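To start, the structure under review is shown below, and the notes come after it.
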Amino acid sequence: MQRKLAIVTGASGGIGREIAKALAKEGYALALFYYKNEESALALLEEVKTLGAPKAAAYGCDLRDPEAVKNAVRRVQAELGKVSVLVNNAGIAQQKLFQDITDTEWRDMLGVNLDGAFYMTRAVLSDMLDVQSGRIINISSMWGEVGASCEVHYSASKAGIIGMTKALAKELAPSSITVNAVAPGAIETKMLTDWGEAVKQELEEEIPQGRVGQPQEIADAVAFLASEKAAYITGHVLSVNGGMVI
């Protein structure tokens, strides 16, 4: 697969930022998608250029809106070229008792985490089909594999990502397009920090390796799946969780 252009959604967040940096070091041009945190996205834009990205641009987009996604991808194609790698990383999370989840919270969770991945993949797929080559990498979660108490809507959205990954992998394999997922465990991000030090310590006691993961470790997994070394891997869920879910 000729290495050209990668889109990373949720690029302004902790994991997305490291994914973008890892791909920049591999020489990818980058389209950095963000929702509200423009300042962080623009700072990352300058950083990836120094790390090896031959060209890069940032795009604000609400992934819950199919027209917004379509228009943003058209801008990417016009300004940067055909998309060869898509990393569906954008996501939100929430801890809440099932009976307290509102209709809006349910729709927002699935809208960002699952609908957004669908809209993005649909928008870029023609580029990959045209050249019979491509990589689609979806960021799921260990809770998409086994479910988490008080995170039913989050777990459902991430389980949906796994189902989409496996089904689409079968559909696109004849076109030499691979579709894989990375399922992070507890990772040192703002999302984890917001839960507090006590929650982090409880998690570390449950993790066989005795520590939470680092965003770079998710980025390394993504960079591998985007590479030629992973050309014969498709429909796989790569769990990066320190042994918490096996």
Side-chain angles (χ1 to χ4, degrees), residues 5-13 15-16 19-20 30-36 59-77 82-94 101 103-131 133-145 147 151-184 218 222 225-226 233-238:
L5 170 64
I7 291 179
V8 180
T9 67
S12 63
I15 291 176
I19 291 171
L30 288 165
L32 308 174
F33 275 53
Y34 67 95
Y35 179 37
K36 291 182 177 178
Y59 301 86
C61 184
D62 183 349
L63 299 184
R64 298 168 298 182
D65 182 344
E67 285 302 311
V69 169
K70 186 186 301 182
N71 291 334
V73 170
R74 283 176 177 166
R75 283 183 58 205
V76 171
Q77 292 163 331
K82 286 184 177 292
V83 180
S84 51
V85 174
L86 170 64
V87 184
N88 285 311
N89 165 72
I92 58 175
Q94 183 186 44
I101 297 170
D103 293 351
T104 298
E105 288 167 341
W106 175 267
R107 283 302 335 150
D108 281 347
M109 186 69 71
L110 269 68
V112 176
N113 294 1
L114 186 55
D115 295 351
F118 167 68
Y119 297 145
M120 286 296 304
T121 302
R122 183 175 62 181
V124 307
L125 191 53
S126 60
D127 281 357
M128 298 181 183
L129 289 171
D130 283 348
V131 295
S133 177
R135 301 279 190 270
I136 298 167
I137 303 164
N138 300 317
I139 306 302
S140 180
S141 166
M142 64 179 176
W143 301 131
E145 298 179 280
E151 293 186 66
V152 169
H153 48 345
Y154 178 78
S155 300
S157 69
K158 292 301 189 177
I161 285 287
I162 290 173
M164 187 177 83
T165 296
K166 291 177 177 288
L168 192 59
K170 292 180 179 179
E171 186 172 330
L172 297 181
S175 300
S176 299
I177 299 167
T178 66
V179 188
N180 292 290
V182 176
I218 306 303
V222 171
L225 290 173
I233 300 172
T234 196
H236 182 69
V237 180
L238 180 53

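Because the structure is a prediction, the values reported are computed rather than measured. Any value given below was found using the heavy atoms of this structure, including those in side chains, with hydrogens, waters and symmetry copies removed.
- Taking each heavy atom of Gln94 and Met109 in turn, the nearest pair found is N-CE, 3.7 Å.
- Note: Ile161 CD1 to Leu110 CG = 9.5 Å, rounded to the nearest 0.5 Å.
- Minimum heavy-atom separation, Ala183 to Glu145: CB-OE1, 3.5 Å.
- Side chain of Ser141 to backbone of Trp143: a donor-acceptor contact under 3.5 angstrom is found.
- No donor-acceptor pair under 3.5 Å is formed between the side chain of Asn113 and the backbone N or O of Lys158.
- Of all the heavy atoms in Leu225 and Ala181, the pair that sits closest is CD1-O, 4.3 Å.
- Between Trp106 and His153, the ring planes are parallel. Angles under 30° get that label, and only those over 60° would be called perpendicular.
- Remark: Ile162 CD1 to Asn180 CG distance equals 12.0 Å, nearest 0.5 Å.
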Note to self: As a quick check of understanding, evaluate salt bridge (charged side-chain N to carboxylate O under 4.0 Å, His left out) for Asp115 and Arg64, giving each step before the final call.
What the structure shows: CA-CA 6 Å; Asp115 295 351; Arg64 298 168 298 182; over 6 Å; no
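- Each of Asn89, Val87, Val222 was compared with Ile15 under the side chain to side chain contact (heavy atoms under 4.5 Å, CB included) criterion, and only Asn89 meets it.
- Rounded to the nearest 0.5 angstrom, Tyr119 OH and Glu67 CD are separated by 10.0 Å.
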Note to self: Working note: Val76 + Val124, criterion side chain to side chain contact (heavy atoms under 4.5 Å, CB included); need CA distance, chi angles, decisive distance, verdict.
What the structure shows: CA-CA 10 Å; Val76 171; Val124 307; over 6 Å; no
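- The shortest side-chain heavy-atom distance between Pro66 and Arg122 falls under the 4.5 Å cut-off.
- Scanning all heavy atoms of the two residues, the minimum distance from Asn88 to Leu86 falls at ND2-CD2, 3.5 Å.
- Residues Ala169 and Thr234 share a closest heavy-atom pair of CB-OG1, 3.4 Å.
- Annotation: side chain of Leu125 is in contact with side chain of Leu172 (closest heavy-atom distance under 4.5 Å).
- In terms of heavy-atom proximity, Leu32 sits nearest to Ala20 at CD2-CB, 3.7 Å.
- Atom CZ in Arg135 sits 9.5 Å away from atom CE in Met128 (nearest 0.5 Å).
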Note to self: As a quick check of understanding, evaluate side chain to side chain contact (heavy atoms under 4.5 Å, CB included) for Thr9 and Ile7, giving each step before the final call.
What the structure shows: CA-CA 6 Å; Thr9 67; Ile7 291 179; 4.3 Å; yes
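- Here CG of Asp65 is found 10.0 Å from NZ of Lys70. Values are rounded to the nearest 0.5 Å.
- Ile233 places none of its side-chain heavy atoms less than 4.5 Å from the side chain of Thr178.
- In this structure a side-chain-to-backbone donor-acceptor pair under 3.5 Å is missing from Asp127 to Ser84.
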Note to self: Could you go through Val182 and Ile218, starting from their C-alpha distance and side-chain angles, then the distance that decides it, and tell me whether this counts as side chain to side chain contact (heavy atoms under 4.5 Å, CB included)?
What the structure shows: CA-CA 8 Å; Val182 176; Ile218 306 303; 4.1 Å; yes
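- Here the CD1 atom belonging to Ile136 is positioned 5.0 Å from the OG1 atom belonging to Thr121, to the nearest 0.5 angstrom.
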